[in-house]
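In what follows, a structure is listed as structure tokens, so that the remarks can point back to it.
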Amino acid sequence: MSNSIIPNYIEIILASGSPRRRELLAGMGIPFRVAEAYPVDEVYPPDTEPHEVPLYLAELKSRAYPEVLSDNQILITADTVVIHGGRVIGKPKDRSDAIRILTSLSGSTHEVTTGIMIRNRLAHKCLSETARVTFGILSRGEIEFYVDNFRPYDKAGAYGIQEWIGYTGIERIEGSFYNVMGLPTRLLYTGLKDFMETQYTDNR
């Protein structure tokens with residue numbers, strides 16, 4: 001047994017380009033390697049219910065993984081979306097789009113949902129969690145300051161809760177802070193333990 005919850009014979013593979021997810025998984029004390037980047041067409045059916053979108057995309061990323069998993073490899077994929085006014089808010093296209101998104105989130109409450117898929121060669125487990133985030137009223141100057149200094153173009157909803165705007169602009173969070181960062185750590189921890197107990201009991 002290793003010094004984490006992961007037995008030595010199991011290899012965890014994180015298929016994510018997000019540095020925040022890598023940081024959070026490492027902070028959980030879980031040894032892992034990052035998969036090499038591979039193409040995924042992150043498109044979902046237009047009639048998909050907004051809270052189901054991240055689960056759909058997490059599964060899409062998992063199924064697109066180009067390598068065949070061995071018996072003792074576990075692949076983790078995830079996707080996070082911001083939902084506001086019943087619509088999915090994606091990553092901003094450019095500066096003006098980031099300003100537009102943050103202006104719409106100012107002084108209101110939105111939801112952040114993360115979908116996770118845990119998969120080995122024979123089975124999979126899907127997890128999902130939602131948090132509610134309330135922003136105070138942000139001035140145009142504050143929004144421009146944040147966008148120009150932090151360039152949140154790789155972030156759903158055009159913001160990172162762990163950055164300046166999270167410290168100064170968020171009034172309230174209902175749910176997991178880490179979910180808003182991109183990975184609900186407690187949910188993943190318990191889900192991964194359950195998955196391993198189900199799949200690898202004979203090897204323990």
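No experiment lies behind these values; they were computed from the predicted model shown.
- Follow the hydrophobic side-chain contacts under 4.5 Å out from Met28 and you reach Phe195 in the same cluster.
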message: As a quick check of understanding, evaluate side-chain hydrogen bond (donor to acceptor under 3.5 Å, both in side chains) for Ser108 and His84, giving each step before the final call.
response: CA-CA 9 Å; Ser108 66; His84 187 236; 3.1 Å; yes
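- The stretch residues 46-56 participates, sequence neighbours left out, in no salt bridge (charged side-chain N to carboxylate O under 4.0 Å, His left out) pair at all.
- A donor-acceptor pair is defined here as one N or O able to donate and one able to accept, closer than 3.5 Å; such a pair exists between the side chain of Thr77 and the backbone of Ala58.
- Here Phe145 pairs with Trp164 under the ring-ring contact (aromatic ring centres under 6.0 Å, His included) rule; sequence neighbours left out.
- Hydrophobic clustering (side-chain heavy atoms under 4.5 Å, transitive across Ile, Leu, Val, Met, Phe, Trp, Tyr) keeps Ile6 apart from Met117.
- Looking at Asp148 and Arg95, a side-chain N of the basic residue comes within less than 4.0 Å of a carboxylate O on the acidic one, giving a salt bridge.
- Centroid-to-centroid, the aromatic rings of Tyr159 and His110 come within less than 6.0 Å.
- Look at Glu129 and Arg186 and you find no salt bridge, because none of the NZ, NE, NH1 or NH2 atoms lies under 4.0 Å from a carboxylate O.
- In this structure, the side chain of Arg22 engages the main chain of Ser16 through a donor-acceptor pair within 3.5 Å.
- Residue Leu188 forms a side chain to side chain contact (heavy atoms under 4.5 Å, CB included) with just one option from Ile118, Asn179, Leu24, and that option is Ile118.
- In this structure, Arg87 places its CZ atom where only 12 or fewer heavy-atom neighbours from other residues, nucleotides or ligands lie under 6.0 Å away.
- Counted within 6.0 Å of CD1 on Ile137, heavy atoms from surrounding residues, nucleotides or ligands total 12 or fewer; the atom is thus considered open.
- The backbone N or O of Leu102 lies less than 3.5 Å from no partner atom in the side chain of Ser106, so there is not a single donor-acceptor pair.
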- prompt: Should Glu111 and His51 be marked as a side-chain hydrogen bond (donor to acceptor under 3.5 Å, both in side chains) after you check the CA-CA gap, both sets of side-chain angles, and the distance that decides it?
  reply: CA-CA 9 Å; Glu111 294 179 307; His51 293 90; 2.8 Å; yes
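- With hydrogens and angles ignored, the 3.5 Å screen pairs no side-chain donor or acceptor of Lys125 with any backbone N or O of Leu192.
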Stepwise side-chain contact (heavy atoms from CB on, under 4.5 Å) test for Ile10 and Tyr200: CA-CA 9 Å; Ile10 291 180; Tyr200 301 102; 3.6 Å; yes
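- The one candidate from Lys155, Arg20, Arg151 that meets the salt bridge (Lys or Arg N to Asp or Glu O under 4.0 Å) condition with Glu163 is Lys155.
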task: For side-chain contact (heavy atoms from CB on, under 4.5 Å), just list the numbers for Ile13 and Leu69, CA-CA rounded to whole Å, side-chain angles, deciding distance to a tenth of an Å, and then say yes or no.
output: CA-CA 10 Å; Ile13 304 169; Leu69 296 175; 4.1 Å; yes
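- The ring-ring contact (aromatic ring centres under 6.0 Å, His included) search around Tyr178 returns none, not counting sequence neighbours.
- Cluster membership check: Val180 does not share its hydrophobic cluster with Leu55, using side-chain heavy-atom separations under 4.5 Å among Ile, Leu, Val, Met, Phe, Trp and Tyr.
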